[in-house]
Amino acid sequence: MIPIISIPPLIMSSIALYVAISYSIMYLRRKNEPENLWFALMCYSIAIYDIVCALLYTSSAPSQSVLYQRIQFATLAFFIIALTWFIAFLVHLNTIIGYIITVVMTLFIILGISLDNEYTLDPNIPYIKTFTFFSTT
């Protein structure tokens, strides 16, 4: 049984996936408009992020949660790359800025996934948050 808290991210991921597929098809039909491709990649990254959010909400151990959060951070860095190139192609910016941001974010992706130390996420020190709704205390 899926916890109720995981349902909204799954719904949002399906919407983002639908938009991503639509813009992918649009790019295949109009190859001279690369902003459609970058927008589709942004939507794919949002869909992956939402799916990992749903998995994070269902995780039962901090070690599992750390893995999901690492994937979320990598997905956010990829989103920034796609957003940068989307804007660059949309407003015809200098591509040097896009390359610099792409290199920096790629380094963040590689280091964020490969480094396993106390400076990033540590399963031995979980920061578990609890929420109460309509509490009288």
Side-chain angles (χ1 to χ4, degrees):
M1 179 81 179
I2 296 176
I4 198 162
I5 197 167
S6 296
I7 294 174
L10 291 175
I11 292 170
M12 292 186 314
S13 69
S14 64
I15 293 168
L17 192 60
Y18 172 77
V19 174
I21 291 169
S22 298
Y23 273 85
S24 296
I25 293 169
M26 194 179 307
Y27 172 72
L28 291 174
R29 291 184 179 173
R30 301 182 203 164
K31 298 247 183 189
N32 60 342
E33 297 176 2
E35 60 270 7
N36 291 330
L37 172 66
W38 292 108
F39 187 76
L41 291 174
M42 285 172 34
C43 292
Y44 282 122
S45 67
I46 291 169
I48 292 170
Y49 183 86
D50 288 338
I51 290 170
V52 176
C53 278
L55 291 171
L56 180 63
Y57 296 156
T58 61
S59 66
S60 59
S63 59
Q64 235 182 1
S65 301
V66 167
L67 173 66
Y68 294 144
Q69 286 184 326
R70 287 182 194 274
I71 295 170
Q72 282 181 326
F73 294 154
T75 306
L76 286 176
F78 181 75
F79 174 80
I80 292 171
I81 293 170
L83 178 66
T84 300
W85 286 105
F86 172 71
I87 293 170
F89 281 111
L90 193 64
V91 297
H92 306 291
L93 287 178
N94 188 356
T95 57
I96 298 298
I97 297 169
Y99 287 122
I100 292 170
I101 293 173
T102 300
V103 168
V104 170
M105 289 298 124
T106 302
L107 286 173
F108 282 159
I109 291 170
I110 293 168
L111 293 175
I113 290 177
S114 65
L115 289 181
D116 190 20
N117 58 20
E118 68 275 0
Y119 296 115
T120 55
L121 298 168
D122 190 3
N124 297 323
I125 308 171
Y127 297 107
I128 298 173
K129 295 180 181 178
T130 58
F131 299 97
T132 56
F133 296 111
F134 306 113
S135 175
T136 58
T137 58

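Sequential numbering from 1 along the given sequence is applied to the chain's residues. Note that the coordinates shown come from a computational prediction; the quantities given were computed from them, not determined experimentally.
Transitive grouping of hydrophobic side chains (ILVMFWY, heavy atoms separated by less than 4.5 Å) keeps Ile110 and Ile80 in distinct clusters. Hydrophobic clustering, with ILVMFWY side chains joined whenever heavy atoms are under 4.5 angstrom apart, keeps Leu76 apart from Ile100. Cluster annotation: Ile101 and Leu90 are assigned to the same hydrophobic cluster (Ile/Leu/Val/Met/Phe/Trp/Tyr, side-chain heavy-atom contacts under 4.5 Å, transitive). Cluster annotation: Met42 is connected to Ile97 through the hydrophobic network of ILVMFWY side chains, with a link wherever side-chain heavy atoms come within less than 4.5 Å. Hydrophobic clustering, with ILVMFWY side chains joined whenever heavy atoms are under 4.5 angstrom apart, groups Val104 together with Phe79.
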For this session: May I have the step-by-step check of side chain to side chain contact (heavy atoms under 4.5 Å, CB included) for Thr102 and Thr84, ending in yes or no?
Result: CA-CA 8 Å; Thr102 300; Thr84 300; 5.6 Å; no
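The structure places CG of Leu83 at 11.5 Å from CZ of Phe78, a figure rounded to the nearest 0.5 Å. Atom CD1 of Ile51 is separated from atom CD1 of Ile71 by 11.0 Å, given to the nearest 0.5 angstrom. For the atom pair CG of Leu37 and CG of Leu28, the computed distance is 8.5 Å after rounding to the nearest 0.5 Å. Between atom CD1 of residue Ile87 and atom CZ of residue Phe39 there is a gap of 11.5 Å, rounded to the nearest 0.5 Å.
For the pair Ile81 and Thr106, the minimum side-chain heavy-atom distance is below 4.5 Å. Contact annotation: the side chain of Arg29 never approaches that of Met26 to less than 4.5 Å [non-hydrogen atoms, C-beta and beyond].
Residue pairs meeting the ring-ring contact (aromatic ring centres under 6.0 Å, His included) criterion with at least one member in residues 91-113, sequence neighbours excluded: Trp85-Tyr99. Contacts classified as side chain to side chain donor-acceptor pair (under 3.5 Å) and involving residues 35-61 (residues at least two apart or in different chains) are given here: Ser24-Tyr44, Glu33-Asn36, Ser59-Ser65.
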Taking only distance into account, with no hydrogens and no angle test, what donor-acceptor pairs under 3.5 Å do side-chain atoms of residues 2-21 form with protein atoms, sequence neighbours excluded?
unit_1 : atom_1 : unit_2 : atom_2 : d
Ser6   : OG     : Ala54  : O      : 3.2
Ser13  : OG     : Pro9   : O      : 3.4
Ser13  : OG     : Leu10  : O      : 2.8
Ser14  : OG     : Ile11  : O      : 2.6

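Gln72 approaches Cys53 most closely through the heavy-atom pair NE2-SG, 3.0 Å.
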